Amino acid sequence: QVFDKMPERDVVTWNVMIAGYSLHSLCEEGLKLFWQMQLENVEPDNITFISVLKACASLTALEQGKQIHACIIESGLKSDMFVGNALIDMHAKCGNIEQARKVFADMPERDIVSWNAMITGY
């Protein structure tokens, strides 16, 4: 209720709500908030994308994940390693291992999470 009554909500406020929903297995609500955030022209950041990709992975919501992937490309955050790791995880958990592999191959930098996400996807 407090969130709904706030006169102005910045990206941090949205992120707290989206991450909170995702963390407490209310992934559909988190995704709805993400799309509402888009409608209100609030620019998502890497934290936003990581949270909504986690929600998509939990729901195996590949089509929404693909739409969010397109938003990431448009935002210029495609090369962010943490976003890349979340993309790999989402695509792999949704059964789209070829796209996960493409994201992995296109990443300018990889860490142990990147490798684990790919290995787990297989």
Side-chain angles (χ1 to χ4, degrees):
Q1 289 179 343
V2 173
F3 178 77
D4 292 331
K5 292 179 182 177
M6 292 177 74
E8 290 186 36
R9 299 175 285 210
D10 64 8
V11 69
V12 175
T13 310
W14 286 95
N15 286 348
V16 168
M17 292 299 296
I18 293 168
Y21 278 130
S22 295
L23 184 66
H24 291 94
S25 300
L26 298 167
C27 298
E28 290 172 359
E29 293 301 317
L31 286 170
K32 285 178 190 174
L33 268 185
F34 172 75
W35 296 117
Q36 182 182 343
M37 176 184 180
Q38 295 288 90
L39 289 173
E40 294 188 20
N41 295 314
V42 177
E43 189 74 29
D45 64 10
N46 59 343
I47 304 301
T48 315
F49 288 125
I50 291 165
S51 296
V52 294
L53 289 169
K54 180 182 181 209
C56 289
S58 294
L59 295 168
T60 60
L62 182 59
E63 289 310 310
Q64 284 199 67
K66 286 179 178 180
Q67 291 172 5
I68 293 164
H69 191 161
C71 292
I72 290 167
I73 292 167
E74 187 177 304
S75 76
L77 289 170
K78 180 178 122 175
S79 61
D80 181 284
M81 182 174 60
F82 301 106
V83 172
N85 289 343
L87 278 167
I88 293 168
D89 183 63
M90 183 278 298
H91 282 293
K93 286 181 177 170
C94 291
N96 193 6
I97 196 67
E98 286 306 314
Q99 186 61 40
R101 199 170 163 172
K102 183 177 180 338
V103 171
F104 180 82
D106 291 345
M107 289 177 75
E109 183 181 355
R110 298 178 199 102
D111 65 1
I112 191 72
V113 175
S114 315
W115 288 96
N116 283 342
M118 279 306 302
I119 291 166
T120 303
Y122 282 102

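Computed from a predicted model, the values in this text were never measured in an experiment. As a basis for the values below, the full set of heavy atoms in this structure was taken, side chains included, without hydrogen atoms, waters or symmetry mates.
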Tell me if a side-chain donor or acceptor on Ser22 pairs with a main-chain N or O of Ala19 at a distance below 3.5 Å. no

Supply the atom-to-atom distance Phe82 CZ to Leu53 CG, rounded to the nearest 0.5 angstrom. 14.5 Å

Minimum-distance pair of heavy atoms, taken over all atoms of Gly30 and Val52: O-CG1, 4.4 Å

Quick check on the hydrophobic clustering: are Ile47 and Val12 connected, directly or via other members, by side-chain heavy-atom contacts under 4.5 Å? no

Between CG of Leu33 and OG of Ser51, what distance do you get to the nearest 0.5 Å? 11.0 Å

Closest non-hydrogen contact found for Leu77 with Asn46 is CD1-N, 3.6 Å

Cluster link Val11 to Phe49, ILVMFWY, side chain under 4.5 Å: yes

Please find the pair of heavy atoms, one from Leu31 and one from Leu59, that lie closest to each other, and give the distance. CD1-CD1, 3.6 Å

Do Tyr21 and Glu28 have side chains that get closer than 4.5 Å, going by heavy atoms? no

Is the shortest side-chain heavy-atom distance between Lys54 and Ile50 below 4.5 Å? no

With ring centroids as reference points, do Trp115 and Phe104 lie under 6.0 angstrom apart? yes

Using atom types as modelled and distance alone, determine if a side-chain donor or acceptor of Thr60 lies under 3.5 Å from a backbone N or O of Ala57. no

Looking only at non-hydrogen atoms, find the nearest pair between Arg9 and Val42 and report the distance. O-CG2, 4.0 Å

Would you give the length of the straight line joining atom CD of Glu63 to atom SG of Cys56, rounded to the nearest 0.5 angstrom? 10.5 Å

How many angstroms lie between CD1 in Ile72 and OG in Ser75, if you round to the nearest 0.5 Å? 6.5 Å

Met90 vs Ile68, test: side chain to side chain contact (heavy atoms under 4.5 Å, CB included). Steps then yes/no. CA-CA 11 Å; Met90 183 278 298; Ile68 293 164; over 6 Å; no

Can you name the nearest heavy-atom pair linking Ser58 to Cys27, along with the distance? CB-SG, 3.6 Å

More than 12 heavy atoms from other groups under 6.0 Å of CD on Gln38: yes

Minimum heavy-atom separation for Met107 and Ser114, please, with both atom names. CE-OG, 3.6 Å

Supply the atom-to-atom distance Ile88 CD1 to Met81 CE, rounded to the nearest 0.5 angstrom. 10.5 Å

Under the 3.5 angstrom rule, does the side chain of Thr120 hit a backbone N or O of Ala117 as a donor-acceptor pair? no

Nearest-0.5 Å distance, CG of residue Asn116 to CZ of residue Arg110: 14.0 Å

Around Glu40, counting heavy atoms of other residues, nucleotides and ligands shown, do more than 12 lie under 6.0 Å from its CD? yes

Go through Phe34 and Thr48 one step at a time and tell me if the side chain to side chain contact (heavy atoms under 4.5 Å, CB included) criterion holds. CA-CA 8 Å; Phe34 172 75; Thr48 315; 3.8 Å; yes

For His91, the option from His69, Arg101, Lys102, Glu98 that meets side-chain hydrogen bond (donor to acceptor under 3.5 Å, both in side chains): His69

Starting from the C-alpha separation in whole Å, work towards a yes-or-no answer on side-chain hydrogen bond (donor to acceptor under 3.5 Å, both in side chains) for Trp35 and Gln64. CA-CA 10 Å; Trp35 296 117; Gln64 284 199 67; 2.8 Å; yes

Answer yes if Ile73 and Leu62 sit in the same cluster of Ile, Leu, Val, Met, Phe, Trp and Tyr residues linked by side chain heavy atoms under 4.5 Å apart, and no otherwise. no

